[in-house]
Amino acid sequence: MDANVMTYQPKSDFLRVMIERGFIADCTDYQGLDEALTGDVVPAYIGFDATAPSLHVGSLIQIMMLRWLQKCGHKPIVLMGGGTTKVGDPTDRADERPLLAPETIEANLAGIRQVFSAYLTFGEGARDAIMVNNAEWLDGLNYLEFLRDVGRYFSVNRMLSFESVKLRLEREQSLSFLEFNYMILQAYDFMELNRRYGCRLQMGGSDQWGNIVNGIDLTRRMLGQEVYGLTSQLLAMSDGRKMGKSQGGAVWLNGEMLSPYEFWQFWRNIPDADVGRFLKLYTELPVAECERLGAAGGKAINEAKIRLANEVTTLAHGAEAARAAEATAREVFERGGAGQDLPTLALSPADIGEGISVVQLFTRSGLAPSGKQAKRLIADGGARLDDQPLTDPGRMITAADLARPLKLSAGKKRHALVTLRP
């Protein structure tokens with residue numbers, strides 16, 4: 001965290017919230033931004049590239065920054081990277097991102113748009129959020145004009161000094177000219193958003209610092225406008241796991257890609273040491289309450305985790321989904337039942353044929369990433385079938401066995417149902 005943030009006393013509600021709740025890694029000009037935020041409505045943006053059909057919880061800190069911005073009376077701009085996704089962001093990458101077909105990008109954008117309706121209020125008002133796609137201005141650029149009018153403001157020496165570029169070069173990993181142009185395009189986005197919508201602030205993860213500074217410089221030089229940059233911390237869990245990942249894969253924000261129950265379980269199972277910190281970042285509970293819950297010990301910390309899971313799931317999927325997830329968890333864990341909200345693998349008679357192995361059930365339900373891992377889980381005594389230890393990886397399940405739903409368990413915390421559909 002930037003040392004300046006520890007001593008700065010903000011006047012604006014937004015900066016106060018960002019500092020008190022532990023969001024900020026760095027800011028280009030605390031005082032200048034604070035004064036802007038205490039005046040008129042400040043439009044601010046964060047960009048999201050369309051590399052997958054959904055965002056995952058690794059992006060949630062940025063989404064919460066936009067939510068707090070709006071709650072504090074300012075205007076969020078969600079920038080969808082329909083144009084920049086065609087290039088690929090080299091930041092924090094050891095290799096080049098695979099290039100996606102235009103139709104894949106459009107499908108991904110549609111999935112990502114669903115996420116934001118739960119967190120932001122969109123509309124035509126001064127403080128209403130808007131969503132724009134940088135393909136609107138990037139797709140039609142004339143390359144020679146762009147080089148002449150924009151490229152001349154960029155120093156290759158300086159671009160080579162950015163951490164994301166230096167790391168790739170020091171490791172002798174390929175950095176294509178295509179990727180090298182990404183930082184110019186992102187800077188151009190900031191300038192264009194300032195010109196079109198009066199955007200005065202770009203936010204993002206601390207790995208985006210160099211790109212943000214480029215955009216500030218370009219906007220000042222081309223438009224003579226004073227704009228600002230604010231970065232959030234890059235989070236990892238206290239046990240070393242990367243934010244957004246779980247044993248079952250990415251923790252997606254779209255309910256179609258990860259059920260609300262599995263989403264709830266992710267937050268319920270975070271390390272004890274992260275509870276207070278995550279309550280501040282991912283919920284709207286008062287800071288004092290977050291700190292009180294985070295300091296709990298013994299059984300009380302488990303109730304604090306349930307509070308965290310309920311609050312985060314309510315924001316993402318609604319209060320009803322959070323209540324259902326908690327009810328299912330209590331049914332499964334406290335009473336040994338098979339809650340109705342568990343992830344479900346529905347098989348047809350054709351899927352089963354004369355029988356399907358339990359190894360396939362564990363992989364197809366998502367409880368194991370591969371057949372090899374499923375067999376290891378069984379060999380290590382971590383697999384259960386209807387709450388009974390499963391010891392034979394060759395066991396076959398028939399359609400008759402699925403006259404009622406079967407419950408699969410991987411360890412103590414991950415469960416799924418298997419049902420038979422007509």
Side-chain angles (χ1 to χ4, degrees), residues 45-67 76-86 88-89 91-93 97-120 122 129-135 203-205 207-208 232 234-237 241-270 278 281-282 309 311-318 320-322 324-325 341-345 364-367 369 414 416:
Y45 94 95
I46 300 178
F48 301 87
D49 278 347
T51 55
S54 171
L55 300 175
H56 59 61
V57 298
S59 297
L60 192 52
I61 190 169
Q62 275 78 48
I63 296 172
M64 290 301 294
M65 291 172 79
L66 289 173
R67 181 175 172 86
I77 300 174
V78 180
L79 180 66
M80 307 301 290
T84 43
T85 303
K86 297 171 184 175
D89 185 356
T91 305
D92 198 31
R93 295 279 298 186
R97 289 188 185 276
L99 298 181
L100 302 179
E103 55 270 21
T104 302
I105 293 174
E106 282 303 314
N108 289 349
L109 288 172
I112 292 171
R113 289 188 188 103
Q114 297 175 25
V115 172
F116 289 95
S117 60
Y119 293 92
L120 301 174
F122 290 86
I130 60 173
M131 183 176 290
V132 295
N133 187 338
N134 62 15
M203 300 185 290
D207 58 342
Q208 295 294 320
S232 64
L234 294 181
L235 290 184
M237 295 192 193
R241 279 183 291 159
K242 188 175 181 180
M243 198 65 191
K245 300 292 184 180
S246 71
Q247 286 181 313
V251 183
W252 302 108
L253 297 178
N254 286 51
E256 296 82 3
M257 295 185 66
L258 186 78
S259 73
Y261 172 78
E262 292 172 289
F263 183 81
W264 188 94
Q265 276 293 323
F266 169 79
W267 298 99
R268 168 62 182 83
N269 292 328
I270 67 165
F278 285 4
L281 293 171
Y282 299 114
E311 294 288 335
V312 181
T313 305
T314 295
L315 284 174
H317 299 294
E320 184 59 38
D341 203 33
L342 283 178
T344 300
L345 171 65
R364 293 184 62 174
S365 66
L367 293 179
R414 301 176 61 232

> Can you name the ring-ring contact (aromatic ring centres under 6.0 Å, His included) partners of F116, sequence neighbours left out?
Replying inline: F48
> Where is the tightest heavy-atom contact between G82 and A135, given as atom of each residue plus distance?
Replying inline: C-CB, 3.9 Å
> For the residue pair N133 and L109, what are the closest heavy atoms and their distance?
Replying inline: ND2-CD1, 3.5 Å
>> Contact between L315 and Y119 at the side-chain level, heavy atoms closer than 4.5 Å - yes or no?
In response: yes
>> Let me confirm one number: the CD1-CE distance from I270 to M237, rounded to the nearest 0.5 Å.
In response: 7.0 Å
> What are the two closest non-hydrogen atoms of L253 and H317, and how far apart are they?
Replying inline: O-CE1, 3.2 Å
> Is there side-chain contact between V78 and I46, with heavy atoms separated by less than 4.5 Å?
Replying inline: no
>> Please evaluate residues E262 and S259 with respect to the criterion side chain to side chain donor-acceptor pair (under 3.5 Å), reporting the C-alpha separation (whole Å), side-chain torsions for both, the decisive distance (0.1 Å), and the verdict.
In response: CA-CA 5 Å; E262 292 172 289; S259 73; 3.0 Å; yes
> Residues two or more places apart in sequence or in another chain: which of them pass side-chain hydrogen bond (donor to acceptor under 3.5 Å, both in side chains) with S54?
Replying inline: N254
> Are Y282 and L235 side-chain neighbours, meaning at least one heavy-atom pair lies under 4.5 Å?
Replying inline: yes
>> Please find the pair of heavy atoms, one from P53 and one from M257, that lie closest to each other, and give the distance.
In response: CB-SD, 3.8 Å
>> Over 60° means perpendicular and under 30° means parallel, so tell me whether F263 and W267 are parallel, tilted or perpendicular.
In response: perpendicular
> Looking only at heavy atoms, what is the nearest atom pair of T51 and L100, with distance?
Replying inline: CA-CD1, 4.0 Å
> Partners of N134 by side-chain hydrogen bond (donor to acceptor under 3.5 Å, both in side chains), sequence neighbours excluded?
Replying inline: T84, D189
>> Could you report the tightest heavy-atom contact between M65 and S232, atom names first, then the distance?
In response: SD-CB, 3.6 Å
